[in-house]
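In what follows, a structure is listed as structure tokens, so that the remarks can point back to it.
Start at 1 with the first residue, then count along the sequence.
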Amino acid sequence: MPHDHHDHDHPHALLPPDPALRVKALETVLTRKGLIDPQALDAIIDTYENRIGPRNGADVVVRAWTDSAFKQALLQDATAVVSKLGYYGRQGEHMVVVENTDQTHNMIVCTLCSCYPWPLLGIPPAWYKSDAYRARAVREPRKVLSDFGVSLPEDTAIRVWDSTAEIRYLVLPQRPPGTEDMSRTDLMSLVTRDSMIGTGLARSPDKAGP
């Protein structure tokens, strides 16, 4: 249906136009009515943004680091492989995995909105959805990487992949050196959300988190 009319009397017209402001306004109303607990809501968001989703992606990355057959299958048909692991569903129906190498570094963006592989990475970070990132990632990817603290050799090519409603991407970061004897659990601690978007690198063993 066309949406070129302007119904200023509709209740939605009273809400702020920015989606983030609208969500905040709704949260405020529900909190005042005692229908939600802000601390509980923050905990849920933190879980999906920083724990559940990224851990699924980290599991896939570590499997690829430690199993060459799995890695080959993943690069050939990521959708089938991650589906078998149970990492499948809305926002992750069609997956493509791109591998970082010494010659090529990959970075993911969604230039139209914020398409993102939720089953593998959880809730997208705010910066991923920002107009600045969406525009600059394509126009000046090396500068964007520098803003994230990533400095690559000049001869390393940077490929930017545009996620869409049809295809979502996951970056397979390079395995850090000196990790040959690490357990799967320890290896997973090296894989960050940003490294799977391409705006970061996998942590070196001496910088691994708890």
Side-chain angles (χ1 to χ4, degrees), residues 53-125 127-130 133-177 179 187-188 190-204:
R55 283 190 60 83
N56 291 348
D59 177 45
V60 171
V61 169
V62 170
R63 287 174 185 266
W65 282 352
T66 57
D67 184 337
S68 59
F70 178 89
K71 175 182 173 181
Q72 183 177 5
L74 182 69
L75 295 175
Q76 289 179 348
D77 188 350
T79 302
V81 172
V82 300
S83 295
K84 290 181 180 178
L85 296 176
Y87 306 147
Y88 181 82
R90 186 172 177 83
Q91 308 299 326
E93 295 89 345
H94 305 289
M95 289 297 309
V96 172
V97 172
V98 290
E99 181 185 12
N100 282 352
T101 66
D102 289 338
Q103 293 75 38
T104 304
H105 181 89
N106 298 281
M107 186 164 67
I108 310 305
V109 68
C110 178
T111 56
L112 293 179
C113 49
S114 58
C115 294
Y116 190 78
W118 285 52
L120 291 170
L121 296 185
I123 298 174
W127 56 260
Y128 183 86
K129 299 177 285 185
S130 71
Y133 175 76
R134 286 156 51 193
R136 294 183 61 220
V138 174
R139 187 175 65 248
E140 46 186 18
R142 197 172 292 272
K143 289 184 178 179
V144 171
L145 288 174
S146 178
D147 290 344
F148 279 91
V150 177
S151 179
L152 299 173
E154 287 297 325
D155 60 351
T156 298
I158 300 175
R159 296 194 65 182
V160 179
W161 300 83
D162 193 357
S163 285
T164 67
E166 288 73 33
I167 300 177
R168 287 169 173 78
Y169 297 91
L170 179 79
V171 173
L172 176 59
Q174 289 183 281
R175 180 173 178 170
T179 60
L187 284 173
M188 285 182 63
L190 305 181
V191 184
T192 66
R193 177 198 63 196
D194 289 6
S195 73
M196 294 182 283
I197 299 174
T199 53
L201 306 176
R203 295 188 182 105
S204 60

Find out whether [X] and [Y] are in side-chain contact, i.e. whether some heavy atom of one side chain is under 4.5 Å from a heavy atom of the other.
| X | Y | answer |
| --- | --- | --- |
| L74 | V82 | yes |
| Y133 | P125 | no |
| P173 | V61 | yes |
| W161 | I167 | no |
| M107 | V171 | no |
| I123 | W118 | yes |
| L85 | R63 | yes |
| H105 | L145 | yes |

Hey, could you give me the [atom1]/[atom2] distance between [X] and [Y], rounded to the nearest 0.5 Å?
| X | Y | atom1 | atom2 | value |
| --- | --- | --- | --- | --- |
| M196 | L121 | CE | CG | 5.0 Å |
| R168 | C110 | CZ | SG | 8.0 Å |
| D147 | E140 | CG | CD | 8.0 Å |
| M95 | D77 | CE | CG | 11.5 Å |
| I108 | I197 | CD1 | CD1 | 8.5 Å |
| Q174 | L201 | CD | CG | 8.0 Å |

Between the side chain of [X] and the main-chain N/O of [Y], is any donor-acceptor distance below 3.5 Å?
| X | Y | answer |
| --- | --- | --- |
| R134 | L112 | yes |
| Y128 | C115 | yes |
| S83 | T79 | yes |

Between [X] and [Y], what is the shortest heavy-atom contact and its length?
| X | Y | answer |
| --- | --- | --- |
| K129 | S114 | CG-CB, 3.3 Å |
| V160 | P141 | CG2-CB, 3.8 Å |
| L190 | P176 | CD1-CG, 4.2 Å |
| V150 | G200 | CG2-CA, 3.8 Å |
| E154 | R142 | O-NH2, 3.7 Å |

D59 side chain to Y87 side chain, donor-acceptor N/O pair below 3.5 angstrom: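 Side chains of D59 and Y87: pair found under 3.5 Å.
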
Using the salt bridge (Lys or Arg N to Asp or Glu O under 4.0 Å) rule, pick out the option among R175, R159, K71 that qualifies with E99.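 Among R175, R159, K71, the one meeting salt bridge (Lys or Arg N to Asp or Glu O under 4.0 Å) with E99 is K71.
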
Run W127 and D194 through side chain to side chain contact (heavy atoms under 4.5 Å, CB included) and show every step you take. CA-CA 11 Å; W127 56 260; D194 289 6; 3.5 Å; yes

Please, which pairs that meet ring-ring contact (aromatic ring centres under 6.0 Å, His included) have at least one residue in residues 59-79, sequence neighbours excluded?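 Listed by first then second residue: nothing to list.
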
